[in-house]
Amino acid sequence: MFEYRLTAQCPETGARAGELITPHGVIETPVFMPVGTQATVKAMTPPELEEIGAQIILGNTYHLYMRPGADIVEEAGGLHKFMQWHHPILTDSGGFQVFSLSELRKITDEGVEFRSHLDGSKHFMRPEDSMDIQQKLGSDIAMAFDECVVWPTTEEYSRAAMERTISWAKRCKEHHSREDQALFGIVQGSMFEAQRIECIKRLEDIGFPGYGIGGLSVGESHEDMYRILDVLCPEMPVNKPRYLMGVGHPANLIEGVARGIDMFDCVLPTRNGRNGGVLTSFGKLNLKNRGFARDFTPIDPSCGCYTCRNFTRAYIRHLYTAGEILAARLCSWHNLYFLVNLMRDARKAIIEGRYPQFRRDFFAKFNEGPMQL
RNA sequence: GGUAGGAUGGCCGAGUGGUCAAAGGCAACAGACUGUAAAUCUGUCGGCGAGAGCCUACGCUGGUUCAAAUCCAGCUCCUACCA
C-alpha cells in the first residue's frame, strides 16, 4: 500500500527523483506539498489545487482535533471525503504546535499539555493521542508526535528533546495500527550534527517507511540548515522518502533537493500570497507596492498559472488595496503553482541528468535582493 | 433675523492654560512572514537636520498670560431648532 521507488539520481549532487505509492495515488518526487492546516488550503478549492498540479496536501492534527474534532471528521468519512480532496494527504502530528504554541503548552515525557488557542481550555496530547487522531483523520501519511525545538537552544536541551522525540516515535509506532496509513519518524537534534546522525540511526532501528527532518527553518541561517542536511542526508536510508518539514523558500527547495530531499511543505506560498508577496523566477515581489499601480504585466511573464495567464500586477495590486479577497486567492494560486512546478521541473532535470545546470540556472536568475520596479 | 452648538494634522476624531508636533482610528507608504493562533504583524506617517534642536501648525485677525489648540473680542463658515 505504501512504497517508495527511487527512479533517478543525480550523479553529481545528491538529488533524487522517485515515486511514492500511497492509497490515494502515486506521488512523483521531489514534491512540494501545499499546507491545508484546517482541512483546507487557505483560499483554494480542491479542483484549483488539481489544476495547479498539487499531488499531496497537508492537514494538521492539533488544529483538526481542536476544531471540528477528530470524531466529526471520522464520522464524515475521513479527511479526504470531508474536504473533498481525493489525492494523498499527509497529516502533521501536532509536533510543530509544541514549538509554535510555546506560550500555551507544557512538555513532559508523557506528552504535552496544551491550552487551546481558541478558548484557553486544557488538553493533554500524548503520542498515542496524536496517533488516534491521525488514524481517525485517515491521512495517507501520518507523522510521529515529536518535539520541535525552538532555535537557538543548548546542546543539552536539544538532546533531551531528541530523546523524548525518539521515545515518542517508538510509542507512536507501537500504537499505530492502521495499515492504509504510513507513519513517518521525525529527526530532531537542532543544529548539532552528531545528534542528527544519532537520531536518524535510532529512528531507523525502530523502523519507519519514511523520515521527516524537523526543527529546521525555525530561524537559523540557510548555512546552518544546509550544514545539517549535508551531514544528515548521507546517513538516511536510500530506499525511504525524506521529508524536510516546513521548507519553504524556493532557494531552500533547490538546495534541499540537491542534498537528497524528496518532500517539502510550507505555508509561505499561501501566507505570503495572502499578504501581497509573490514568488517569481527572478525573485520576490510585494504587489502592494505603489510601483505596481500602473504595471500591466503579469506577475511572472514566464509563468503559466491561471493568475499569470489572465491578470496584471496593476489589477492585483488594486485588489489588495481595495481589500478584495480575490487578491489573496490569485496570489496563493500563483505561489503554489510556482513551488509545485519548481519541483516538477527539478524532477524532470534530475531524470534528464541535468540537475546541476538546472540549479545554476535557478540561482543565476533568482535575485534575493531588493526588487526591481 | 433669533437662540444654541461647532470649526484640530490627507479623512474621522480626542484634547479645554504648560508634560502638545497634538491620543486613537482610517487612509497612505514600507518591511516581515519557512511542519499556519496570520486576509496577520511591525515600522513610518508637518518641514529641515546625523543629532541636540530649529521652524511652521489646531478656521481668520487681534488680545490676555512667563506660557494659548485650550481664556477673551471681532470676523468668516457650518449644523440644529425657533421665526
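In what follows, chains are A, B, ... by sequence order, proteins preceding strands, each numbered from 1.
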(message) Quick check: any donor-acceptor pair below 3.5 Å linking the side-chain of A:His117 to the base of B:U36?
(response) no
(message) Nearest whole Å is fine: how far is B:U34 P from A:Asn272 CG?
(response) 8 Å
(request) Using only side-chain N and O atoms of A:Arg317, determine if any of them is under 4.0 Å from OP1 or OP2 of B:C29. (result) yes
(message) Under 3.5 Å, is there a donor on one side chain and an acceptor on the other for A:Asp92 and A:Tyr62?
(response) no
(request) Indicate if A:Phe192 and A:Trp151 have the same hydrophobic cluster label, given that clusters are the connected sets of ILVMFWY residues with side-chain heavy-atom separations under 4.5 angstrom. (result) no
(request) Report which part of the nucleic acid A:Gly215 touches: base, sugar-phosphate, or nothing (heavy-atom distance under 4.0 Å, all strands). (result) base
(message) My understanding is that a pair needs two contacts under 3.5 Å, Watson-Crick or G-U wobble. By that rule, which nucleotide pairs with B:A28?
(response) B:U44
(message) Nearest whole Å is fine: how far is B:G35 C1' from A:Glu147 CD?
(response) 15 Å
(request) Find the partner of B:C71: check Watson-Crick (N1-N3 plus N6-O4 or O6-N4) and G-U wobble (N1-O2, O6-N3) distances, both under 3.5 Å, and reply none if neither fits. (result) B:G63
(message) Suppose the criterion is side-chain hydrogen bond (donor to acceptor under 3.5 Å, both in side chains): which pairs have a residue in residues 317-335 of chain A, not counting sequence neighbours?
(response) A:Glu48-A:Arg329
(request) Return the nucleotide paired to B:U36: Watson-Crick means purine N1 to pyrimidine N3 with N6-O4 or O6-N4, wobble means G-U with N1-O2 and O6-N3, both under 3.5 Å. (result) none
Solution key, residues 95-104 of chain A side-chain donor-acceptor pairs under 3.5 Å, sequence neighbours excluded:
unit_1	atom_1	unit_2	atom_2	d
A:Gln97	OE1	A:Asn60	ND2	3.0
A:Ser100	OG	A:Phe96	O	3.4

(request) Report the distance from atom CG of A:Asn286 to atom P of B:A32, rounded to the nearest whole Å. (result) 8 Å
(request) Tell me the partner of B:A80, counting only Watson-Crick (N1-N3 plus N6-O4 or O6-N4) or G-U wobble (N1-O2 and O6-N3) with both under 3.5 Å; none if nothing fits. (result) B:U3
Can I get a per-line list of side-chain donor-acceptor pairs under 3.5 Å for residues 26-37 of chain A, giving both atom names and the distance, sequence neighbours left out?
unit_1	atom_1	unit_2	atom_2	d
A:Thr29	OG1	A:Gly18	N	3.1
A:Thr29	OG1	A:Gly18	O	3.2

(message) Tell me if the aromatic rings of A:Phe366 and A:Phe363 count as close, with their centers under 6.0 Å from one another.
(response) no
Contacts table for residues 232-241 of chain A: side-chain donor-acceptor under 3.5 angstrom, sequence neighbours left out:
unit_1	atom_1	unit_2	atom_2	d
A:Glu235	OE1	A:Lys201	NZ	3.3
A:Lys240	NZ	A:Phe208	O	3.1

(message) Once you apply a heavy-atom cut-off of 4.0 Å, does A:Thr270 come out as touching a base, just sugar-phosphate, or nothing?
(response) base
(message) For A:Glu255 and A:His222, which I'm curious about, is there any donor-acceptor pair between the side chains at under 3.5 Å?
(response) no
(message) Assess, by modelled atom type and distance only, whether the side chains of A:Glu163 and A:Ser167 contain a donor and an acceptor separated by less than 3.5 Å.
(response) no
(message) Checking side-chain polar atoms at under 3.5 Å, does A:Arg360 have a donor or acceptor matched by the opposite partner on A:Gln357?
(response) yes
(request) Counting Watson-Crick and G-U wobble pairs only, both distances under 3.5 Å, name the nucleotide matched with B:A14, or none. (result) none
(request) Go through residues 179-195 of chain A and report each residue with a non-hydrogen atom lying under 4.0 Å from RNA chain B, sorted by number. (result) A:Ile186, A:Gln188
(message) Run the side chain to side chain contact (heavy atoms under 4.5 Å, CB included) test against A:Glu3 and tell me which residues pass, sequence neighbours left out.
(response) A:Arg5, A:Ile21
(request) For RNA chain B, determine which residues of residues 16-49 of chain A have any heavy atom closer than 4.0 angstrom to one of its atoms, and list them numerically. (result) A:Val35, A:Thr37, A:Lys42
(message) Just the rounded figure in Å: distance from P of B:G35 to CZ of A:Phe145.
(response) 17 Å
(request) Examine A:Arg126 relative to A:Phe145 and say whether NZ or CZ is less than 6.0 Å from the centre of the six-membered ring and inside a 45° cone about the ring axis. (result) no
(request) Give A:Asp92 one of three labels, base, sugar-phosphate or nothing, depending on what nucleic acid heavy atoms sit under 4.0 Å from its own. (result) base
(request) Mind listing the residues from residues 54-65 of chain A sitting with a heavy atom below 4.0 Å of RNA chain B? Number order is fine. (result) A:Leu58, A:Asn60, A:His63
(message) With a 6.0 Å cut-off on the ring centroids, do A:Phe124 and A:Phe114 count as close?
(response) no
(request) Can you tell me the distance, in whole Å, between the OH atom of A:Tyr211 and the P atom of B:G35? (result) 24 Å
(message) Between A:Gln134 and A:Thr91, do the side chains contain a donor N or O and an acceptor N or O under 3.5 Å apart?
(response) yes
Could you go through residues 262-269 of chain A and list every donor-acceptor pair under 3.5 Å that involves a side-chain atom there, pairing it with any protein atom two or more places apart or in another chain?
unit_1	atom_1	unit_2	atom_2	d
A:Asp262	OD1	A:Tyr4	OH	3.3
A:Asp262	OD1	A:Arg16	NE	3.1
A:Asp262	OD2	A:Arg16	NE	3.4
A:Asp262	OD2	A:Arg16	NH2	2.8
A:Asp262	OD2	A:Arg242	N	2.9
A:Asp265	OD1	A:Tyr243	OH	2.7
A:Asp265	OD1	A:Gly246	N	2.8

(request) For A:Gly323 and for A:Ser93, find the nucleotide of RNA chain B with the closest heavy atom, then tell me which residue's nucleotide is more 5'. (result) A:Ser93
(message) From the set B:G31, B:U34, B:A38, return the single nucleotide nearest to any side-chain atom of A:Asn289.
(response) B:G31
(request) Could you note down all residue pairs passing side-chain hydrogen bond (donor to acceptor under 3.5 Å, both in side chains) where residues 72-82 of chain A supplies at least one of them, sequence neighbours left out? (result) A:His24-A:His80, A:His80-A:Asp140
(request) Using heavy atoms and a sub-4.0 Å distance, could you list which residues of residues 97-104 of chain A are near RNA chain B? By number, please. (result) A:Gln97, A:Ser100, A:Leu101, A:Leu104
(message) Here's a test of your reading of the structure: between A:Ala328 and A:Gly94, which maps to the more 5' nucleotide of RNA chain B?
(response) A:Gly94
(message) For B:A28 and A:Arg290 - does any side-chain N or O of the residue sit under 4.0 Å from the phosphate oxygens OP1/OP2?
(response) no
(request) Ignoring hydrogens and angles, state whether a donor on the side chain of A:Glu174 or A:His176 is under 3.5 Å from an acceptor on the partner side chain. (result) no
(message) Do A:Ser158 and A:Gln188 pair up side chain to side chain, a donor and an acceptor below 3.5 Å, judged on atom types alone?
(response) no
(message) Please list, in numerical order, the residues of residues 157-166 of chain A that have a heavy atom closer than 4.0 Å to any atom of RNA chain B.
(response) none
(request) Specify the separation, in whole Å, of atom OH of A:Tyr320 and atom P of B:A27. (result) 16 Å
